[in-house]
K.L.:
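Take a look at this one; I'll ask things after.
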Amino acid sequence: MAQTEEVAKEASDKASTFEFHGYARSGLLINDDLNGATGTGPYMTAAGAIGAPIGRLGVEDDHYVEANLIHKRFADDGSSALFRIMLADSTETNNEWTASDSQLNVRQLYSELNSLSMFSESETFSDATFWAGKRFDRDNFDIHFVDSDIVFLSGTGAGVYDVQMSDNWKANFSIYGRDFGEIDRSSTDVENYIATMNNRVGKWQFMLSGMTSADNNSRLSGAAESGVHAMFAYHGDSFFGLSEGSSKMGMLVGSGLGSELKGIGSNGDLLDDAKAVRLFSYGVTRFNENWRVAPALMLEHSQDRIKANDEFTWASFNVRLAQELTDNFEMVYEGSYQYMDLDNATDKASGSFYKATIAPTLKLSTSSGFFDRPELRFAVSYVDWSEELNGYSISTDADAATMGDGGEVLFSLQMETWF
């Protein structure tokens, strides 16, 4: 113990910083019968089970929090080290004591070494970052307004970021491990190993991942034991070249275990013949002195995913508008439309989902844009969908969640913050 304390004291004497970052949302959701709304959220449609999102404003009823603790050390030669631990919890009960409902866990736990002096003469590795541990990949990105990652790579492993392949080409290399269990996500019965090369050339990004899970077919008959996932994306520094702002667009494709396009290698139940393709596009801009707009479009087609000959097609369009009325008050509007054509190899259903939300919102500064937080919101939403979707489920499991009847008004009180 004495030796550990001595080493810790020596480390603390070096230049270092401590950071605390977080994200949280918490709110109350009430239906038009003045009861707690159930079955809502960004994935409340029948296609939500395969990753099809809708606009999140006014339909979230969970209490979710992330707390990130980060320690950085800096050496005299310019190198540095980072340690991060991320705690997260999610509950749905509105009570203040939630121990029996808590899902508190450590979602990230890793260390990085940056700009190591041993590579100072190397053009390839002089600015590289080496890491190991459990983490979210650094270059994941999402569409916040629909609560959907475009690409989400996570697990436990090691890798290196920012390898300078040429003047305008940087690449990341990593190996992640994920577990497929018989009972729950914490089981370690079967492991899936994911090798990734993620390339950035200017505004263009190309990401290729291959994966293998040697015993997955023994865990679940017919399940894939390998897969490939690829993403091609463009990161614009304007709103599709039309105005100031930002935009992103691209395509994802996958086969076998790589057919879970959003969460790379995270679904062990996919069939060996599974195939999927997804297109996405979204952006943010200010089109008037007091107005902002953020449209988003996602489309996906997959087949042979859960059962042989199943086939799923969906398209989601969402647009969020903000009207700045004072320095601290704005009206936020959101409209969502989703089309679904679903065939689980037993039953078929197709139809549309609609959502319209209006949300008076308080914040510190309305002029700072869509992504300034905290926000305090009161929201009223109307949700409806085609009758053909009533009672339909992607899964043929008897216990699987199904859609009820549409035509409902929801009332929401919510805060959201990050820093």
Side-chain angles (χ1 to χ4, degrees), residues 7-8 10-23 66-88 106-142 149-178 193-211 229-233 235 237 248 250 263-266 418-419:
V7 171
E10 182 180 346
S12 67
D13 289 339
K14 298 181 181 295
S16 64
T17 62
F18 179 81
E19 298 177 15
F20 175 54
H21 300 282
Y23 169 81
E66 297 174 356
N68 289 272
L69 304 174
I70 301 170
H71 180 259
K72 294 180 180 179
R73 286 180 54 197
F74 304 91
D76 293 338
D77 60 10
S79 60
S80 62
L82 177 148
F83 167 71
R84 178 195 292 261
I85 180 171
M86 174 182 166
L87 304 175
V106 178
R107 294 197 72 185
Q108 297 193 78
L109 182 70
Y110 67 88
S111 285
E112 293 181 347
L113 296 174
N114 310 285
S115 305
L116 294 177
S117 59
M118 64 183 289
F119 296 115
S120 59
E121 302 300 320
S122 169
E123 293 184 2
T124 304
F125 292 102
S126 59
D127 294 322
T129 296
F130 297 84
W131 67 268
K134 179 170 70 170
R135 72 175 299 166
F136 303 163
D137 191 73
R138 186 194 67 183
D139 292 341
N140 293 337
F141 63 101
D142 67 351
D149 295 282
I150 292 300
V151 63
F152 187 74
L153 176 61
S154 67
T156 301
V160 55
Y161 292 123
D162 300 329
V163 178
Q164 195 74 48
M165 308 294 286
S166 68
D167 288 346
N168 199 36
W169 173 18
K170 285 188 176 182
N172 307 332
F173 301 87
S174 62
I175 295 177
Y176 283 88
R178 295 187 62 90
Y193 299 105
I194 308 160
T196 297
M197 180 182 184
N198 196 353
N199 306 271
R200 286 292 296 264
V201 181
K203 298 176 184 178
W204 299 94
Q205 179 179 4
F206 177 69
M207 184 178 185
L208 181 64
S209 302
M211 58 207 75
H229 179 284
M231 180 184 71
F232 186 65
H235 301 261
D237 55 9
K248 299 180 189 293
I264 300 178
S266 62
W418 58 60
F419 56 91

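Small disclaimer: the values here were computed from a predicted structure and weren't measured. Along the sequence shown, residues are numbered consecutively beginning with 1.
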K.L.:
First locate atom CZ of Phe130, then atom CG of Leu113, and finally report the distance between them rounded to the nearest 0.5 Å.
P.N.:
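Between Phe130 CZ and Leu113 CG, I get 8.5 Å after rounding to 0.5 Å.
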
K.L.:
Kindly give the heavy-atom pair with the smallest separation between Lys72 and Leu82, and that separation in Å.
P.N.:
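Closest approach of Lys72 to Leu82: CE-CD1, 3.7 Å.
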
K.L.:
If the threshold is 4.0 Å, N to carboxylate O, is there a salt bridge linking Arg138 and Glu112?
P.N.:
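Salt bridge: no.
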
K.L.:
Measure across Gly78 and Ser115 and return the closest heavy-atom pair with its distance rounded to 0.1 Å.
P.N.:
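Result for this residue pair: O-CB, 4.1 Å.
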
K.L.:
Please determine whether the number of non-hydrogen atoms from other residues, nucleotides or ligands lying under 6.0 Å from atom CD1 of Ile70 exceeds 12.
P.N.:
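Yes, because the 6.0 Å sphere around CD1 of Ile70 holds more than 12 heavy atoms from other groups.
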
K.L.:
Just grab all the salt bridge (Lys or Arg N to Asp or Glu O under 4.0 Å) pairs involving residues 120-131, residues at least two apart or on different chains.
P.N.:
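Counting only pairs at least two positions apart or across chains, no salt bridge (Lys or Arg N to Asp or Glu O under 4.0 Å) contact touches residues 120-131.
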
K.L.:
Checking Phe20 now: which residues fulfil side chain to side chain contact (heavy atoms under 4.5 Å, CB included) with it, not counting sequence neighbours?
P.N.:
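Side chain to side chain contact (heavy atoms under 4.5 Å, CB included) check on Phe20 returns Ala67, Leu69, Phe419.
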
K.L.:
Could you walk me through whether Lys248 and His235 pass the side chain to side chain donor-acceptor pair (under 3.5 Å) check?
P.N.:
CA-CA 5 Å; Lys248 299 180 189 293; His235 301 261; 2.8 Å; yes

K.L.:
Who pairs with Ser126 by side chain to side chain contact (heavy atoms under 4.5 Å, CB included), at least two apart in sequence or on another chain?
P.N.:
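Side chain to side chain contact (heavy atoms under 4.5 Å, CB included) check on Ser126 returns nothing, list empty.
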
K.L.:
For Ser111, give me all partners under side-chain hydrogen bond (donor to acceptor under 3.5 Å, both in side chains), at least two apart in sequence or on another chain.
P.N.:
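Testing Ser111 for side-chain hydrogen bond (donor to acceptor under 3.5 Å, both in side chains), a comparison that skips the adjacent residues, returns none.
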
K.L.:
Are the side chains of Phe83 and Leu109 in contact, using a 4.5 Å heavy-atom criterion?
P.N.:
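Contact flag for Leu109/Phe83 side chains = yes.
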
K.L.:
Check whether any side-chain heavy atom of Gln205 lies under 4.5 Å from a side-chain heavy atom of Met231, and answer yes or no.
P.N.:
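Yes. Closest side-chain heavy atoms under 4.5 Å.
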
K.L.:
Provide the closest heavy-atom pair for Thr196 versus Ser209 in the form atom of the first, atom of the second, distance.
P.N.:
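So the minimum-distance heavy-atom pair works out to OG1-OG, 2.9 Å.
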
K.L.:
Taking all atoms of both residues into account, what is the closest heavy-atom pair of Asp142 and Asp149, and its distance?
P.N.:
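For Asp142 and Asp149, the tightest heavy-atom pair comes out as CB-CA, 3.4 Å.
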
K.L.:
Can you check side chain to side chain contact (heavy atoms under 4.5 Å, CB included) on Leu153 and Met207, steps first, answer last?
P.N.:
CA-CA 11 Å; Leu153 176 61; Met207 184 178 185; 3.9 Å; yes

K.L.:
Mind checking side chain to side chain contact (heavy atoms under 4.5 Å, CB included) for Glu66 and listing every partner two or more places apart, or none if nothing turns up?
P.N.:
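For Glu66 the side chain to side chain contact (heavy atoms under 4.5 Å, CB included) partners, ignoring immediate neighbours, are Tyr23, Tyr64, Asn68, Met86, Ala88, Arg107.
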
K.L.:
Which pair of non-hydrogen atoms, one from Ser266 and one from Arg178, has the smallest distance, and what is that distance?
P.N.:
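Heavy atoms only, the tightest pair is CA-NE, 3.5 Å.
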
K.L.:
Under 6.0 Å between the ring centres of Trp131 and Tyr176?
P.N.:
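Trp131 vs Tyr176: aromatic centres under 6.0 Å.
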
K.L.:
Evaluate the side chain to side chain contact (heavy atoms under 4.5 Å, CB included) criterion for residues Val160 and Asn172: first the C-alpha distance (whole Å), next the side-chain angles of each, then the deciding distance (0.1 Å), finally the verdict.
P.N.:
CA-CA 6 Å; Val160 55; Asn172 307 332; over 6 Å; no

K.L.:
For Tyr161, enumerate each residue passing the side-chain hydrogen bond (donor to acceptor under 3.5 Å, both in side chains) test, keeping only those at least two apart in sequence or located in another chain.
P.N.:
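So Tyr161 forms a side-chain hydrogen bond (donor to acceptor under 3.5 Å, both in side chains) with Asp137.
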
K.L.:
On a heavy-atom basis, which atom in Phe141 and which in Ala233 lie closest, and how many Å separate them?
P.N.:
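Looking at all heavy atoms of both residues, the shortest contact is CZ-CB, 4.3 Å.
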
K.L.:
About how many Å separate CG of Asn199 and CZ of Phe232, when rounded to the nearest 0.5 Å?
P.N.:
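One gets 11.0 Å once the value is rounded to the nearest 0.5 Å.
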
K.L.:
Is any side-chain heavy atom of Phe125 less than 4.5 Å from a side-chain heavy atom of Leu116?
P.N.:
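No, side chains not in contact.
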
K.L.:
So, are Asp139 and Lys170 salt-bridged, with charged N and O less than 4.0 Å apart?
P.N.:
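Judged by the 4.0 Å cut-off on N to carboxylate O distance, Asp139 and Lys170 do not form a salt bridge.
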
K.L.:
Report yes or no: do Asn114 and Ser80 form a side-chain donor-acceptor pair below 3.5 Å?
P.N.:
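Asn114 vs Ser80: donor-acceptor pair found between side chains.
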
K.L.:
What distance separates Asn198 CG from Phe206 CZ, expressed to the nearest 0.5 Å?
P.N.:
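Here the interatomic distance stands at 9.5 Å.
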
